[in-house]
Amino acid sequence: MGDTIFGKIIRREIPADIVYENDEVLAFRDLNPQAPVHVLFIPKLALATLNDAQESQAALLGKLLLAAADYAKREGFAERGYRTVINCNEDGGQTVFHLHVHLLAGRHMQWPPG
Ligand code: DGP
């Protein structure tokens, strides 16, 4: 896949408000927040979309979700609740083609989404 703005954030070529990092996962605040808390969890491995994930990357996908849940617990809003979202391709509303999990919290979320 081609490089994206998230690749530049991983390599520290552009700034981001990083809130969590381990060997495989990076998390930083979304530039255009849709809720009082809006953090993106990305694999350091560059996968363009969820469609590109392989069976061998199942654990990595799980780690993104677990990192989001850990963050919610640590920040104290896990019990109140939050939403995780993965947008995929055009109909899903994906604009950055480096797989990411949105973590949204701090307000009541409507369902179904628009
Ligand atoms: P999506 O539409 O699911 O591909 O979400 C991409 C998100 O990435 C969108 O909510 C805005 C955010 N975003 C785009 N460029 C940047 C950036 O340079 N820095 C940060 N922190 N977020 C960005």
Side-chain angles (χ1 to χ4, degrees):
M1 66 173 276
D3 193 22
T4 69
I5 200 88
F6 291 176
K8 292 181 173 38
I9 289 173
I10 291 168
R11 295 192 301 275
R12 301 328 200 244
E13 290 169 10
I14 62 167
D17 187 357
I18 292 171
V19 298
Y20 176 81
E21 180 169 23
N22 67 26
D23 285 350
E24 294 175 285
V25 174
L26 185 71
F28 50 91
R29 291 188 200 284
D30 195 293
L31 202 60
N32 183 24
Q34 302 301 312
V37 177
H38 189 169
V39 174
L40 302 173
F41 290 79
I42 70 170
K44 291 186 177 176
L45 178 79
L47 283 171
T49 79
L50 187 56
N51 290 337
D52 300 299
Q54 306 297 309
E55 187 72 30
S56 61
Q57 290 152 347
L60 178 60
L61 295 178
K63 286 175 187 176
L64 291 176
L65 292 176
L66 289 172
D70 281 348
Y71 180 77
K73 290 173 193 162
R74 210 167 52 243
E75 292 297 310
F77 58 81
E79 288 306 316
R80 192 169 170 91
Y82 55 90
R83 180 170 291 175
T84 52
V85 175
I86 299 176
N87 296 327
C88 184
N89 281 339
E90 189 176 351
D91 276 3
Q94 185 173 7
T95 58
V96 178
F97 288 85
H98 182 128
L99 177 70
H100 49 283
V101 175
H102 295 258
L103 171 66
L104 299 145
R107 66 169 170 81
H108 185 75
M109 308 285 160
Q110 301 299 317
W111 190 264

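Ligands are counted one by one from 1 in listed order, and the atoms in each one are counted from 1 as well.
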Check your understanding: How far is atom 18 (O) of ligand 1 from its nearest protein heavy atom, and which residue and atom is that?
Key ->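 Minimum-distance protein heavy atom for atom 18 (O) of ligand 1 reads Ile5 CG1, 3.4 Å.
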
**Study point:** atom 21 (N) of ligand 1 - nearest protein heavy atom and its distance
**Key:**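 Here the nearest protein heavy atom works out to Arg29 O, 2.8 Å.
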
Smallest separation among heavy atoms of [X] and [Y], with atom names:
X: Gln94; Y: His98; value: NE2-N, 4.1 Å
X: Ala53; Y: Leu61; value: CB-CD1, 3.9 Å
X: Gln57; Y: Leu45; value: NE2-CD2, 3.4 Å
X: Pro15; Y: Ile9; value: O-CG1, 4.5 Å
X: Asp3; Y: Lys8; value: OD2-NZ, 3.5 Å
X: Phe77; Y: Leu103; value: CZ-CD2, 4.0 Å

Practice item. Give the single entry among Asn32, Asp30, Thr4 that approaches atom 9 (C) of ligand 1 most closely by any heavy atom. Key: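 Looking at heavy atoms only, Asp30 sits closest to atom 9 (C) of ligand 1.
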
Exercise for review: Tell me which one of Val96, Leu31, Ile42, Asn89 gets a heavy atom nearest to atom 20 (C) of ligand 1.
Suggested key: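 Comparing heavy atoms across Val96, Leu31, Ile42, Asn89, the nearest one to atom 20 (C) of ligand 1 lies in Leu31.
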
Number the atoms of ligand 1 from 1 as they appear, then name those within less than 4.0 Å of a heavy atom of [X], with their elements.
X: Asn87; answer: 1 (P), 2 (O), 3 (O)
X: Ile9; answer: 19 (N)
X: Thr95; answer: 1 (P), 2 (O), 4 (O), 5 (O), 6 (C)

Review point. For His38 and ligand 1, does the shortest N/O to N/O distance drop below 3.5 Å?
Key: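 No: no nitrogen or oxygen of His38 is under 3.5 Å from one in ligand 1.
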
Point to revise | ligand 1 to Gly93 polar contact by distance, N or O atoms, under 3.5 Å | key: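 Such a contact does occur with ligand 1.
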
Check your understanding: Can you say whether the rings of His102 and His38 are parallel (under 30°), tilted (30 to 60°) or perpendicular (over 60°)?
Key ->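 Because their plane-to-plane angle lies in the 30° to 60° range, the rings of His102 and His38 count as tilted.
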
Review point. Which word best sums up how the rings of Phe41 and Tyr71 line up, parallel for under 30°, tilted for 30 to 60°, or perpendicular for over 60°?
Key: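 The arrangement is perpendicular - the two ring planes meet at more than 60°.
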
Give a yes/no on ligand 1: does [X] have at least one heavy atom closer than 4.0 angstrom to it?
X: Phe6; value: yes
X: Lys8; value: no
X: Asp17; value: no
X: His100; value: yes
X: Ala16; value: no

**Study point:** Residues Glu75, Arg29: salt bridge by 4.0 Å N-O rule
**Key:**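 Looking at Arg29 together with Glu75, the answer is no, because their closest N to O distance does not fall below 4.0 Å.
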
